Amino acid sequence: MCNHHENDPAADSAPQDDAEDGGALAQEEHEMGRDAFDNEDDYRLHCLRHSAAHVLAQAILQLWPDARLAFGPAIKDGFYYDVDIPGVTLSETDLEAIEAEMKKVVKENQPFEQEDWTKEQAVAYFAEKGQVFKVEHIGRLPVEKVSIYRNRRKDGGEFVDLCGGPHVMRTKQAKNVKLLKVSGAYWLGDAKNPQLQRVYGTVWKTKEELDQYLFRLEEAKKRDHRKLGAQLDLFMFHDWAPGAPFWLPRGEFIYDLLGSRMRKLLAGSGYDVVKTPLVFDKKLFETSGHWDHYQENLFHFPEGHFLEGDADELEGTDQRILGLKPMNCPSHMLIFRSRKRSYRELPLRIHDQGVLHRNELSGALSGLTRVRQFSQDDGHLFCAEDQIADEVAALLELIDRVYAAFGMKVEVNLATRPEKMLGDDALWDRAEGALQEALDRSGRSYGIHKGDGAFYGPKIDFDVYDALGRSHQCATVQLDYNLPIRFDLTYVGADNELHRPVVVHRAVFGSFERFVGILIEHYAGKFPVWMCPEQVRVMTVSEKSLDHGASVTKALSDAGVRVHFDDGDSKIGYKIRQCHGMLVPYMAVIGEQELADGTVSIRSRDDGDLGTMTVEDFVAKVVSESVLPF
RNA sequence: GCCCAUGUAGCUCAGUCGGUAGAGCACAUCCUUGGUAAGGAUGAGGUCACCAGUUCGAAUCUGGUCAUGGGCUCCA
C-alpha cells in the first residue's frame with residue numbers, strides 16, 4: 001500500500017552522480033515514476049531490478065521459445081518473473097543455465113527502447129507470439145495506449161515486453177545479477193488459476209553490493225530461530241505433531257517469563273485474567289461467523305467415540321460437532337454475555353493466554369513463525385464509544401514500553417475503512433476519529449494505511465523492526481463492531497437504556513511462539529541476562545575446587561540467579577567451549593586461586609575476560625542485570 | 001492445498017555402477033586433576049522417513065504417503 005513512512009529516519013540526501021556505471025538514469029514517461037520512491041537510490045535500484053527481470057525473461061525465451069510470460073516485477077532486494085513453459089518444470093539446477101543466458105544478454109548491452117502501442121496493436125502482437133497472459137492483462141488495462149519495451153539483439157532478434165517501466169538505459173547495467181530460487185506461483189495469485197513457475201533473482205549496482213547482499217543472506221541464516229532453537233535446546237518439533245512446537249525447559253522458561261510477566265502487568269492495570277475452554281460446540285463458531293468464513297482453518301470433529309470407518313454412520317444424524325477454538329474472542333463474548341452488564345463495569349478488560357489451534361495449510365507451516373498450535377497475550381476490551389480513545393492511548397504506551405525493553409523500533413499506522421465495510425460512514429468517522437485522537441495524544445508520528453482496516457472496524461498496524469531491520473507484525477489494536485452484534489451484547493447505560501458495547505481486540509506480543517522466534521533472531525540467541533534461561537555457569541578447574549564451586553553456585557541460586565554447576569572432570573578449556581555454544585552470558589571459573597581468595601574468575605559472553613571479583617560482587621552484578629525492563 | 005528441493009546414528013554430513021552402512025562431534029565406561037574455545041582409551045548407537053513396486057538382490061531405480069525447507073501478485 002503506502003510506501004511512505006513519515007518517521008523513516010533514512011537520510012534523504014541528494015543522489016550522487018554515478019559516473020562509473022554510466023549513470024543508472026531511467027527513462028521518463030512511465031507509470032511508476034520517480035515520485036513513488038523516497039530517494040534517488042531506491043528509484044535507480046527499482047529501475048535496475050525491473051530491467052533485470054526483462055533480461056531474465058529474454059534469457060528464458062531464448063532457452064525455451066514457447067515459454068509464456070506473466071508478470072515480472074521488481075521487489076524488495078531483487079526481482080522475479082512468472083513464466084509458464086509447456087512441458088518443462090524448472091528446478092534450481094536450471095538456474096545456472098538461465099543465468100549464463102542472461103549474461104549473454106547483459107554482454108550485448110542492449111538498449112531499452114520504450115514505445116506506446118494501441119491496445120489492438122499490442123493484443124495482435126502478443127497473441128501472435130502466443131503470450132496469452134500478456135493478452136489477458138492488456139484487456140484489463142483501463143488505458144488507450146499501452147507502454148512496451150523493446151530490446152534488440154545482435155543476431156537481429158528482439159525481445160518485446162508489455163511494461164510500464166521504468167528501466168535503465170542498457171542491459172549491461174544489470175551485470176551484477178544472481179538467480180536465487182524457483183517456486184510455484186499462481187496466475188494473479190489465486191490458487192484457482194493455473195500455476196506458473198517463478199524465478200527469483202537479485203541484482204545490484206556493484207559487485208560489492210551483490211556480495212554484501214549474499215553475505216547478509218548467509219548471516220541471516222546463521223541466526224535462524226530454527227537452527228538456534230535446536231542449538232540452545234529451546235524447542236523441538238516432531239513429525240507426529242506438525243506445526244506444534246514442543247517447548248523444552250530452556251524455551252519454556254522464556255515463554256513463561258513473557259507470559260507470566262504480561263499477565264501480572266495487565267492484572268495490575270485493570271484487566272481480568274481468565275482461562276477459557278479449548279473445545280466448543282460448533283454453535284459458538286456459527287455465532288461468531290468463523291464456521292462460515294474460517295472453517296477450512298478450524299479443527300473440528302464429531303463428539304463421542306468413533307473408530308475408523310464409522311464416518312458413514314454419522315451421515316444424516318444430528319451428531320454434535322466440536323471444534324478447537326482458533327481465537328479467544330468468541331469465548332470472551334460469552335463471558336460478557338453471562339450476566340446483565342452495567343455501564344459502570346466498562347471498560348471491561350479480559351485477558352486470556354489460552355491455547356489456540358488453526359489448521360494452516362500444510363505448505364504454510366514454518367518453524368515458530370507459522371504454527372498450528374499457539375497462544376497469544378490476547379485481550380478484549382468491552383467499552384463505550386467514548387472510552388475508546390483513552391483505552392487505545394494506554395495500549396500505545398504499553399506497546400512502546402514493552403518493545404523498547406527489547407530494543408526494537410515500532411512503526412505505527414492507522415488502517416482506515418476498506419471498501420467493503422460494516423456500518424455507516426458516521427460510525428467509521430467516529431471510530432477512526434477515536435483511534436486518531438489516541439495516536440495524536442501519544443505525540444508520536446504515524447502513517448495512514450488507507451483502506452487497510454478490517455470490514456468490522458479500523459485498526460492500528462504495528463510494525464516492529466528487529467536487529468536485522470526486518471519488520472514483523474506482532475502487536476495489534478483493532479476495533480470490532482461486528483462481534484457485539486453477532487453475540488447481541490448489551491449493557492445498561494446511565495439512561496437505563498440498553499447500549500451496544502464496542503470490542504477492542506488487542507495483543508502486545510501477538511503469538512508467543514512467533515514472538516519468541518523473532519526474539520531469537522533479533523538477539524542471534526544472545527539473550528539479555530534478564531531473559532536467559534541459564535544466566536551463569538559455574539565451572540571448576542579440578543576436583544580440588546569442587547567445594548568452592550558448590551558454595552558459589554548456592555550463593556547465586558539463593559539470590560535467584562539461574563545457575564548451572566559444571567562439576568564434570570573435563571578440562572576447563574573444554575567446559576568453556578561447551579558453555580560458549582549455549583550462549584550463557586557468564587562463566588564463573590573456580591580454581592585453587594579463587595578457592596584461596598574467596599573469589600570467582602568471570603568470563604563474559606559479550607565482553608570476554610572480566611578478571612576476578614568477590615562472590616558477593618558477582619552475585620550483585622548478575623542480580624542487578626536480572627531486573628525485568630518492562 | 002499447489003510448485004521446486006530435501007529426508008542416512010542425538011547433531012553435521014560421506015556413501016561411486018543396485019551387492020544388506022561410514023566419519024567427526026555428542027553419548028556411556030575407564031584413565032587423566034588438568035587454569036580460560038576440543039586430554040586419552042574403549043564401547044554402545046541405524047527398519048537408510050514410511051508403504052508398495054521392479055530386481056536373485058534396493059540407502060541407491062519407480063510410484064505413493066508423511067515431514068522439513070524455499071515460494072504461491074511488495075501490481076504490466
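Small disclaimer: the values here were computed from a predicted structure and weren't measured. So that the names make sense, note that chain A is the first sequence line, chain B the second, and so on, each numbered from 1. In what follows, every heavy atom counts, from backbone to side chain, and hydrogens, waters and symmetry copies are set aside.
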How would you list, by chain and number, every residue that makes a salt bridge (charged side-chain N to carboxylate O under 4.0 Å, His left out) with [X], sequence neighbours excluded?
X      : value
A:K181 : none
A:D597 : none
A:E360 : A:R370
A:R170 : none

Distance in angstrom units between A:L196 CG and B:C3 P, rounded: 13 Å
Provide, to the nearest angstrom, the distance between the CZ atom belonging to A:R577 and the C1' atom belonging to B:A37. 6 Å
Stretch [range]: residues that reach within less than 4.0 Å of RNA chain B through a heavy atom:
range                       : value
residues 579-604 of chain A : A:H580, A:V589, A:G591, A:E592, A:Q593, A:E594, A:S601, A:R603
residues 128-136 of chain A : A:K134
residues 179-190 of chain A : A:K181, A:V182, A:S183, A:G184, A:A185, A:Y186, A:L188, A:G189

With a cut-off of less than 4.0 Å, is there a side-chain N or O of A:K544 near OP1 or OP2 of B:G34? yes
Taking only side-chain nitrogens and oxygens of A:Y200, does any of them come within less than 4.0 Å of OP1 or OP2 of B:C72? yes
If a pair satisfies salt bridge (charged side-chain N to carboxylate O under 4.0 Å, His left out) and one of its residues is in residues 59-78 of chain A, list it, with sequence neighbours excluded. A:R68-A:D84
Output yes when a side-chain donor or acceptor of [X] lies under 3.5 Å from a complementary backbone atom of [Y], and no otherwise.
X      : Y      : result
A:N176 : A:K205 : yes
A:S545 : A:I590 : yes
A:Q231 : A:G581 : yes

Shortest non-hydrogen contact from A:H564 toward A:R250: CE1-NH2, 3.9 Å
Identify the two heavy atoms, one from A:H548 and one from A:E594, that lie closest to each other, and give their separation to 0.1 Å. NE2-O, 3.4 Å
Which is true for [X] with a 4.0 Å heavy-atom rule: it touches a base, it touches only sugar-phosphate, or it touches nothing?
X      : result
A:D569 : base
A:I576 : base
A:Q195 : base
A:G573 : sugar-phosphate
A:A74  : nothing

Minimum-distance nucleotide to A:I75 side chain [options: B:G34, B:C3, B:C74]: B:C74
Out of B:G1, B:U36, B:A37, which has the shortest distance to the side chain of A:L361? B:G1
Upstream residue (5' side of RNA chain B) when A:S542 and A:E360 are each assigned their closest nucleotide: A:E360
Per-nucleotide protein contact string for nucleotides 60-69 of chain B (B base, S sugar-phosphate only, - none; heavy atom under 4.0 Å): -------SSS
Would you list the atom pairs, donor with acceptor, under 3.5 Å between side chains in residues 123-137 of chain A and any protein atom, with sequence neighbours excluded?
unit_1	atom_1	unit_2	atom_2	d
A:Q131	OE1	A:L69	N	2.7
A:Q131	NE2	A:A67	O	3.2
A:K134	NZ	A:A70	O	2.9
A:K134	NZ	A:Y81	OH	2.9
A:K134	NZ	A:D161	OD1	2.9
A:E136	OE1	A:W187	NE1	3.3
A:E136	OE2	A:R140	NH1	3.2
A:E136	OE2	A:W187	NE1	3.2

For residues 47-57 of chain A, which residue pairs pass the side chain to side chain donor-acceptor pair (under 3.5 Å) check, not counting sequence neighbours? A:S51-A:H167, A:H54-A:H167
Sub-4.5 Å side-chain heavy-atom contact between A:E513 and A:P245: yes
Reading RNA chain B 5' to 3', what string of ( ), [ ], | and . shows its pairs, if Watson-Crick and G-U wobble pairs count only when both distances fall under 3.5 Å? (((((((..((((.....[..)))).(((((.......))))).....(((((..]....))))))))))))....
Given the P atoms of B:C31 and B:A67, what is the spacing between them in whole Å? 49 Å
